[in-house]
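First up is the structure itself, then whatever we jot down about it.
If you're wondering where the values come from, they're calculated on a predicted model, not measured in any experiment. Side chains included, hydrogens not; waters and symmetry mates left out as well; all remaining heavy atoms used. By convention in this document, chain letters (A, B, ...) are assigned in the order of the sequence lines, proteins followed by strands, and residues within each chain are numbered from 1.
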There are 2 protein chains.
Amino acid sequence: MLNNYSTEDKVLLAVDCIIFGFDEESLKILLIKRDFEPEKGKWSLIGGFLKKEETLDIAAIRILNHLTGFQDIYMEQLYTFSKVDRDPVERTISTAYYALINIAEHDKELIQKYSAKWFDIAEAPKLIFDHDEMLDKAIKRLRYRASTKPIGFELLPQKFTMRQLQKLYEAILAEKLDKRNFINRINSFDVLVKLNEKDMKSSRKGSYLYMFDKNRYDKKVLNGFTFKI
Amino acid sequence: MLNNYSTEDKVLLAVDCIIFGFDEESLKILLIKRDFEPEKGKWSLIGGFLKKEETLDIAAIRILNHLTGFQDIYMEQLYTFSKVDRDPVERTISTAYYALINIAEHDKELIQKYSAKWFDIAEAPKLIFDHDEMLDKAIKRLRYRASTKPIGFELLPQKFTMRQLQKLYEAILAEKLDKRNFINRINSFDVLVKLNEKDMKSSRKGSYLYMFDKNRYDKKVLNGFTFKI
DNA sequence: ACAAAAGTGTTATTTCTACACCCATGC
DNA sequence: GCATGGGTGTAGAAATAACACTTTTGT
């Protein structure tokens, strides 16, 4: 006997993306104003539906790329939300992903076309459906992941200052960090390259730029190193 | 305009459960021998399909209860697996859950009826579809969760010895722990109650039994305590 | 009396935390 | 010359890791 599953229920499977960015001061998320019912005019995560021939990862990439034009974005699957009435139109399950993008480099035109807007995570409006719950979980996951894997760099330009990196971690972890302890720890990891180049925007003195050396990091991981902030 | 999603693809959504148990020596998982095609006769996680009127959590509980007769089981959603050809019969997405159960207390009859069997995680057979990947992820998640939240107790009888607890953590973390350091740490948490009762099975001398005091733990959490092994 | 597991504290090492002053530059 | 943010090291505290002998009791 071959089980063909024909008596089982089928459902709509959505993908919603929490898109994080960082603007030198605070952690932001990208939201769009819904232009269709239900909840037209309210703020929402970007989302779409899984197509039959796609994996969830591919769908998340497609949906994100459609809005931002971005390729090669750090994404991670977060959780699958399944409250029965979460979408009033029809039974829909949604798998949430979060993405980290470098605000400075993203495609502003596309974002404007979709009336998307960056919000400080502390000042985000109420979102539709269960998107607030998704955001909440995404922030927690980001906090854990960023203190355990060197993913923070995804939110910064390729070249960044120590101060930017510190501010980023302060924004993610929502706590102040000691400047000297932070720098000492980062340096102890030995995964940054200090450039002979300064960023002159932030101060008269200027501050040295650094780059993350992924190769060096990967090699260290093979030897048992773990990143831990 | 109301978007009724009618042009979107619908898919089958399965739920698969990684059921962990502990037998005083090693961490085990419960597997069943599939009695239908495809892959009939091979070992598999237990699973089923989400019904339209259920959440994933409820579906996972239903599926688990159906096999084990158990209620009140610790479960956590793990990840949603969506490779396009993961199930050769039909496009199926699967959300995996893992569960922790106390082997000694579970319903043996039901398990036998479904030709389920406990396997040491180190000796588990190759599983169908992407179930090996699920298992792998579940072990990693369990490792993290158990070192961060007091969920290990779910795998033990209500009354247990320090030595059982230590062996459990050694099995989960897959590393030897120092007996004195382990006991000192556990005691420093102050969330166990030492009973005036000994387990005499393990040695001539007998060893004291303990119980986890969930109330005390919850109160401590409110005051900022975090469990960390 | 001896085998087998239970129980028990101290010290050295490592990691973490707190903390303050000089530097370079543009105005 | 002064205001602004950048850069740098150390010492005390806390947490972790290493380590060995005595106890109990059934045989």
Under 3.5 Å donor-acceptor pair, R180(A) side-chain atoms to dA20(C) base atoms: yes

For Y98(B) and F20(B), take the angle between the two ring planes, folded into 0 to 90°, and tell me which bin it lands in: parallel under 30, tilted 30 to 60, perpendicular over 60. perpendicular

On DNA chain C, does the nearest nucleotide to D178(A) precede the nearest nucleotide to R204(B) from the 5' side, or the other way round? Give the residue. R204(B)

Indicate the atoms forming the closest heavy-atom contact of L100(B) with I73(B), along with that distance. O-CG2, 3.6 Å

Just the rounded figure in Å: distance from P of dA14(D) to CG of N181(A). 15 Å

On DNA chain D, nearest-nucleotide positions of K205(B) versus K228(B): which is more 5'? K228(B)

Starting from C1' on dG7(C), measure out to CG on D199(B) and report it in whole angstrom. 15 Å

Atom CE of M200(A) and atom C1' of dG6(D) are separated, to the nearest Å, by 11 Å

Check the distance between dG9(D)'s P and R185(A)'s CZ and give it to me in whole angstrom. 18 Å

Return the value, rounded to whole Å, for the distance between atom CG of L165(A) and atom C1' of dG6(D). 15 Å

Which comes earlier along DNA chain C counting from the 5' end, the contact point of K179(B) or that of S203(A), where each point is its nearest nucleotide? K179(B)

Between NZ of K201(B) and P of dA6(C) the distance, given in whole Å, is 13 Å

N187(A) has an atom CG; how far is it from atom C1' of dG9(D), in whole Å? 13 Å

Going by the angle between their ring planes, with limits at 30° and 60°, are F153(A) and F227(A) parallel, tilted or perpendicular? perpendicular

How many Å lie between CZ on F182(A) and P on dT17(C), as a whole number? 14 Å

Between dT8(D), dA17(D), dG7(D), which nucleotide gets closest to the side-chain atoms of I183(A)? dT8(D)

Could you give me the CA-CA distance, side-chain angles and deciding distance for T95(A) and T80(A), then say whether side-chain hydrogen bond (donor to acceptor under 3.5 Å, both in side chains) is met? CA-CA 4 Å; T95(A) 299; T80(A) 299; 3.0 Å; yes

When you measure from the centre of the six-membered ring of Y144(B), is the NZ or CZ of K140(B) under 6.0 Å away and within 45° of the axis? no

Nearest-neighbour nucleotide for the N184(A) side chain, dT10(D), dC19(D), dG6(D) considered: dT10(D)

So if I take every side-chain heavy atom of R163(B) and compare against dT8(D), dA6(C), dC19(D), which nucleotide ends up nearest? dA6(C)

